[in-house]
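Just so we're clear, the structure is a prediction, and the values are computed from it rather than from any experiment. Lettering follows sequence order; numbering is per chain, from 1.
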Amino acid sequence: MTVRTRFAPSPTGLLHIGGVRTALFCWLYARRHGGVFILRIEDTDRERSTPEAVQVILDGMEWLGLHADEGPFYQSERYPRYREVIRQWLAAGKAYHCYCSKAELEQMRNDQLARKEKPRYDGRCRTRQEPIEGVTPVVRFKNPTEGAVVVADAVHGNVVFQNTELDDLIIERSDGNPTYNFCVVVDDYDMKITHVIRGDDHLNNTPRQINMLRAMGVEPPVYAHLPMILGPDGTKLSKRHGAVSVLYYREEGYMPEALLNYLARLGWSHGDQEIFTIEEMRELFDIGDVNKSASAINPDKLAWISQQQMMRLPPARIAVELRWQLKRLGVDIAQGPALEAVVEAQRERSKTLKEMAQASRFFFEAPRNYEEKSARKHLGAEARPLMQQSRTALASLTEWTAPAIHEAIQALAEGGGVGLGKVAQPLRVAVSGGGVSPPIDQTLAILGREQTLARLDRAIAYASR
RNA sequence: GCUCCCAUCGUCUAGAGGCCUAGGACACAGCCCUCUCAAGGCUGGUACGAGGGUUCGAAUCCCUCUGGGAGCGCCA
């Protein structure tokens, strides 16, 4: 049987980290088993669902590379199908009209709470024969009143719920719209979902869904309820933490590969391995290796994984995102060096692409001014002679390559009886404006002779003030 | 309140009765390497929530407690 998983976000908020992790596991599981990954937009809440939120989901999934094999399907387009099922259930006595008023329901609830009971509908309309004049009823599902439902969960094992704990849930509102739990059941049934992988906040909904699935005449799929993801402080994810759009992570300079790698390691592990390529995850992921407890996001570790990923990914791949970042900074890269070369030079000293872009500006535009501390330390009058020697040596190099540049600088240092730093640091400040850059030979090689000499001249002038 | 879930370093985790005086990773500290910043290498500290069982033996199995979380909507 072909594995079929689905990611079913509701477009009422942002697609955040938690949603992405769920999507990732669904996608990974389908990929691992040669199955089908389906995207379904759960937009039955017409008040709160927005086209913008749908777009954020679509854009986010696209950026992450989590492509759906089927869909996106929209629940809002499936209303005729939901009505059909409700008609059938009504006719078959599996569902019934309920005429209870909100006040009546409220009263029932308060009474139960007062008796320290779990609030639930008592099924009083189950036996009603006549409609009530002037009241538009809702439709409720007739949940079994005895026995137990066993959720066979791939991460939690068997979880047992007594039917007496459940009640007859509303499946069609008085305005005629179907409700969430019901739509999920019809969709999972119609879409032949074999594995429902979702957050464990849905574990409590599962027995009702199983009961409805059985009313449709099928046995439930395999469930896998994933542990929650918490904020860095261990509390529920909120806007304060990472409950922002995934695209925020793009802005912050993370590669999709890094974010996915980090998220995969939240609740899942494969021995001691920390760094995974997408391909490795696809080969190694298994739902049985997912753990049960919630985990807190750790920004430091995300940053570390980001750097590790950048050190391994093909430069051309990284260049795509670096280009995007530089553009955001307003840097014109038309005249500068190849981005791949910049990536190779910067990758191991950047945690994010945002940092890399900042640190790489000087490759494309000459520094407007020198960082004060560095200038004071390395561009003083005493540095002038060596800078001038450097200029002469560099100008006369026959070939402009990192090894040749290195050799020239080394010779200068030895000739002057000083350390390499005495030669390199003034050069670094001259070309980059600050005291930090990739190795000086590599930096100058990438920058090119013309730019190097021009910037060096300016620095010599500065040191001569 | 009721039902359900969860519980190993600060954090992410390994661990499916003896291999555990509990391993790895992030972060932190020190050292090495070194033209800066990094990367890399080495070293160090810190954890099985508590109490009862079961067993020759428990981080691992059972029970209770404690702590955290979720659900209980004409929200999803």
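- Classification of A/Arg124 and A/Glu104 as a salt-bridged pair holds, one side-chain N sitting under 4.0 Å from a carboxylate O.
- In terms of polar N and O atoms assigned as donor or acceptor, the side chain of A/Asn205 never comes within less than 3.5 Å of the base of B/rG71 in a complementary pairing.
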For nucleotides 60-70 of chain B, print each protein N/O atom paired with a nucleotide N/O atom at under 3.5 Å, atom names and distance only.
| unit_1 | atom_1 | unit_2 | atom_2 | d |
| --- | --- | --- | --- | --- |
| B/rA70 | O2' | A/Asp201 | O | 3.3 |
| B/rA70 | N3 | A/Asn204 | ND2 | 3.3 |

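- Where A/Ser350 and A/Leu302 meet RNA chain B, the nucleotide closest to each residue was compared, and A/Leu302 sits on the side nearer the 5' end.
- In this structure, A/Gln346 does not reach the B/rU36 phosphate: none of its side-chain N or O atoms is under 4.0 Å from OP1 or OP2.
- Judged by distance alone, with hydrogens and angles left aside, A/Ser174 brings a side-chain donor or acceptor within reach of the base of B/rC74, the pair sitting under 3.5 Å.
- One finds a side-chain N or O of A/Lys292 lying less than 4.0 angstrom from the OP1 or OP2 phosphate oxygen of B/rC6.
- Between A/Cys98 and A/Gly421, it is A/Gly421 whose nearest contact on RNA chain B lies nearer the 5' terminus.
- One cannot find a donor-acceptor pair under 3.5 Å joining the base of B/rC72 and the side-chain atoms of A/Arg109.
- If you take CG of A/Asn158 and P of B/rC4, they are 14 Å apart, rounded to a whole angstrom.
- Of the listed nucleotides (B/rA25, B/rC37, B/rC35), B/rA25 has the atom at the smallest distance from the side chain of A/Trp304.
- For A/Asp300, whose side chain is taken as the heavy atoms from C-beta onward, the closest listed nucleotide among B/rA27, B/rA7, B/rC2 is B/rA27.
- Between A/Glu365 and A/Arg361 there is a salt bridge, since at least one side-chain N of the basic residue sits less than 4.0 Å from a carboxylate O of the acidic one.
- Checking B/rA38, B/rU36, B/rC12 against the side-chain heavy atoms of A/Pro439 singles out B/rU36 as nearest.
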Self-check item: A/Arg87 vs A/Glu84, salt bridge (Lys or Arg N to Asp or Glu O under 4.0 Å): CA-CA, chis, key distance, verdict
Solution: CA-CA 5 Å; A/Arg87 281 311 82 91; A/Glu84 180 193 356; over 6 Å; no
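- We find that A/Arg140 and A/Asp167 are not joined by a salt bridge, their nearest charged nitrogen and carboxylate oxygen being 4.0 Å or further apart.
- Note on A/Pro227: nothing from the nucleic acid sits closer than 4.0 angstrom, heavy atoms only.
- A/Tyr121 has its OH atom 24 Å from the P atom of B/rG71, to the nearest Å.
- Within 4.0 Å of A/Ser295, counting heavy atoms only, lie sugar-phosphate atoms of the nucleic acid but no base atom.
- Nucleic acid contact class of A/Asn291 (heavy atoms, under 4.0 Å, all strands): sugar-phosphate only.
- Nucleic acid contact class of A/Val138 (heavy atoms, under 4.0 Å, all strands): base.
- Side-chain atoms of A/Tyr29 and A/Val290, non-hydrogen and from C-beta on, never get closer than 4.5 Å to each other.
- A/Pro221 places none of its side-chain heavy atoms less than 4.5 Å from the side chain of A/His195.
- The side chain of A/His406 has B/rC35 as its nearest neighbour among B/rU36, B/rC35, B/rA76.
- Contact of A/Gln273 with B/rG24 (side chain to base): no donor-acceptor pair of N or O atoms is detected under 3.5 Å.
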Practice problem: Before giving the answer on salt bridge (Lys or Arg N to Asp or Glu O under 4.0 Å), spell out for A/Glu257 and A/Arg317 the whole-Å C-alpha distance, their side-chain angles and the decisive distance to 0.1 Å. | Solution: CA-CA 10 Å; A/Glu257 287 86 343; A/Arg317 171 79 188 100; 2.7 Å; yes
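- Side chain of A/Pro119, nearest nucleotide from B/rG1, B/rC5, B/rC35: B/rG1.
- Of the candidate nucleotides B/rA25, B/rC26, B/rG1, B/rA25 has the atom lying nearest to any side-chain atom of A/Glu274.
- A salt bridge is defined here as a Lys NZ or Arg NE, NH1 or NH2 lying under 4.0 Å from an Asp or Glu carboxylate O, and A/Lys301 with A/Glu274 meets this definition.
- Straight-line distance from the NZ atom of A/Lys422 to the C1' atom of B/rU36: 13 Å, rounded to whole Å.
- Residue contacts shown for A/Arg347 are absent, as no nucleic acid heavy atom lies under 4.0 Å away.
- Taking 4.5 Å as the limit, every side-chain heavy atom of A/Phe7 sits out of range of all side-chain heavy atoms of A/Arg40.
- Backbone-only engagement by A/Phe161 is indicated by non-hydrogen atom pairs under 4.0 Å involving sugar-phosphate atoms exclusively.
- Whole-Å rounding puts the A/His225 NE2 to B/rC4 P distance at 16 Å.
- If you check every strand for non-hydrogen atoms under 4.0 Å, A/Gln308 touches sugar and phosphate atoms only.
- Between A/Thr179 and B/rG73 there is no side-chain polar atom (N or O) within less than 4.0 angstrom of OP1 or OP2.
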